[in-house]
Amino acid sequence: MSLPHAILTALLEKPSSGLELTRRFDKSIGYFWSATHQQIYRELGRLEREGAIRALPRQGATRGQKKEYEVLPAGRAELARWTAASQDPKPLRDTLLLRLRAAAVVGTDGVQEDLHRHLDLHRSQLAEYEEIERRDFPPGRDSVEDRLRHVVLRAGIDLETFWTQWLERTIEELEAP
């Protein structure tokens, strides 16, 4: 149920076309809630049918012009309801952890190389998040909205820091004599 809420959030931040939403997902929300181009368009259609959003009236000729969407009061109310609702944390499901558990019974061939690959990926993601933090959250940006966006980014930084440190320790443990 979270994809429609991610779309409503993005549209409340800025009315957008489906293509613009896809690009914005790739640069922000997609770091913690991913969606394909097709999923976004399918959800836009559903939200429009349900009266949560509408396509903005087009100026001039319509052929080849992208539809831009905005959130209607019903969509804002649904997002507010969802934001205020209580949700339990989701259990961790990570194939790397499952693969390590399986390696304990079938052997570790290929595991160390993949751990190094994962470490490189997490280091790269951490560096990207830290660059976003430097660029988008300079000292003095402290409105409630900015602080909320920043804590979401900090969650990503903290998670990548965790994975980087955990992978380093795991690799050391497996490479120890």
Side-chain angles (χ1 to χ4, degrees), residues 1-94 118 120-164:
M1 194 59 183
S2 295
L3 179 57
H5 299 105
I7 290 172
L8 289 170
T9 299
L11 289 175
L12 279 169
E13 290 173 343
K14 180 181 181 244
S16 303
S17 69
L19 181 58
E20 290 168 331
L21 276 175
T22 300
R23 289 179 180 149
R24 288 175 55 211
F25 261 68
D26 289 344
K27 294 179 181 175
S28 62
I29 291 174
Y31 286 120
F32 56 90
W33 196 267
S34 63
T36 66
H37 186 76
Q38 294 87 353
Q39 289 170 316
I40 290 171
Y41 273 94
R42 190 170 38 248
E43 200 58 46
L44 284 170
R46 190 180 70 73
L47 288 167
E48 188 173 27
R49 285 189 303 277
E50 291 176 356
I53 64 172
R54 73 174 180 129
L56 291 168
R58 297 179 188 193
Q59 304 289 334
T62 60
R63 187 173 171 90
Q65 208 175 21
K66 295 179 249 169
K67 266 193 205 180
E68 279 202 347
Y69 295 92
E70 71 175 352
V71 178
L72 295 172
R76 181 180 283 276
E78 169 53 24
L79 188 59
R81 181 208 60 77
W82 180 76
T83 301
S86 175
Q87 291 186 336
D88 293 336
K90 299 291 181 215
L92 177 63
R93 289 179 56 158
D94 189 284
H118 275 256
D120 290 343
L121 291 170
H122 284 288
R123 283 178 175 158
S124 175
Q125 189 65 65
L126 177 59
E128 186 174 345
Y129 286 163
E130 289 172 337
E131 175 56 32
I132 292 169
E133 183 178 42
R134 278 188 291 282
R135 182 191 68 220
D136 293 350
F137 296 99
R141 283 195 71 178
D142 61 352
S143 69
V144 172
E145 295 83 3
D146 285 333
R147 285 186 300 214
L148 287 170
R149 288 181 185 105
H150 194 193
V151 298
V152 171
L153 177 60
R154 283 296 322 165
I157 290 170
D158 291 348
L159 283 169
E160 293 303 328
T161 299
F162 160 78
W163 281 112
T164 300

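Under the 4.0 Å criterion applied to side-chain N and carboxylate O atoms, Glu48 and Arg54 are not assigned as salt-bridge partners. Residues Arg46 and Glu43 are paired through a salt bridge, judged by an N-O separation under 4.0 Å between the basic side chain and the carboxylate. Between Arg24 and Glu13 there is a salt bridge, with a side-chain nitrogen of the basic residue lying less than 4.0 Å from a carboxylate oxygen of the acidic one.
Here the closest heavy-atom approach between residue Tyr129 and residue Ile157 is recorded as CB-CG1, 3.5 Å. In terms of heavy atoms, Ala55 sits closest to Lys67 at CB-CD, 3.8 Å. Contact detail for Ala10 and Leu21: the closest heavy-atom pair is CB-CD2, 3.6 Å. Nearest heavy atoms, Ala74 versus Gly51: CB-O, 3.6 Å. The two residues Ile29 and Ala6 make their nearest non-hydrogen contact at CD1-O, 3.7 Å. In plain terms, the two heavy atoms of Leu44 and Gly18 that are nearest each other are CD1-CA, 3.7 Å.
We find the CG-CG distance between Leu126 and Leu121 to be 12.5 Å, quoted to the nearest 0.5 Å. Atom NZ of Lys66 sits about 13.5 Å away from atom CG of Leu56, to the nearest 0.5 Å. Distance check: Leu153 CG to Ile132 CD1 gives 6.0 Å after rounding to the nearest 0.5 Å. For the atom pair Asp26 CG and Ser34 OG, the distance stands at 9.5 Å (nearest 0.5 Å). Rounding to the nearest 0.5 angstrom, the gap separating the CD atom in Glu20 from the CG atom in Leu11 is 10.0 Å. Remark: Asp146 CG to Asp136 CG distance equals 9.5 Å, nearest 0.5 Å.
Shown here is Arg135, whose CZ atom has more than 12 heavy atoms of other residues, nucleotides or ligands within 6.0 Å.
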(request) Please lay out, stage by stage, how Glu133 and Arg154 fare under the test salt bridge (charged side-chain N to carboxylate O under 4.0 Å, His left out). (result) CA-CA 8 Å; Glu133 183 178 42; Arg154 283 296 322 165; 3.3 Å; yes

(message) The test is side-chain contact (heavy atoms from CB on, under 4.5 Å); show your working for Asp94 and Trp163 and say whether it passes.
(response) CA-CA 12 Å; Asp94 189 284; Trp163 281 112; 4.0 Å; yes

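Between Leu12 and Arg76 there is a side-chain heavy-atom pair separated by less than 4.5 Å. Ser17 places none of its side-chain heavy atoms less than 4.5 Å from the side chain of Tyr69. Under the 4.5 Å side-chain criterion, counting only non-hydrogen atoms from C-beta, Trp82 is in contact with Gln87. Side-chain contact between Leu3 and Gln39 is present, with heavy atoms from C-beta onward closer than 4.5 Å. Inter-residue side-chain proximity for Phe137 and Arg149 is flagged as met; some heavy-atom pair is nearer than 4.5 Å. Contact check for Glu78 versus His5: side-chain heavy atoms found under the 4.5 Å cut-off.
Checking side-chain atoms of Thr9 against main-chain N and O of Ile7 turns up no donor-acceptor pair under 3.5 Å. Judged purely by atom type and a 3.5 angstrom limit, Thr164 uses its side chain to pair as donor or acceptor with the backbone of Glu160.
One side chain, His37 or Thr22, offers a donor N or O that lies under 3.5 Å from an acceptor on the other. Remark: the Asp158 side chain and the Thr161 side chain contain no N/O donor-acceptor pair separated by less than 3.5 Å. With 3.5 Å as the limit, one finds no donor-acceptor pair spanning the side chains of Tyr31 and Gln125.
Qualifying salt bridge (charged side-chain N to carboxylate O under 4.0 Å, His left out) partners for Glu131, counting only residues two or more places apart in sequence or in other chains: Arg134. In this structure Glu130 satisfies the side chain to side chain donor-acceptor pair (under 3.5 Å) test with no other residue, sequence neighbours excluded.
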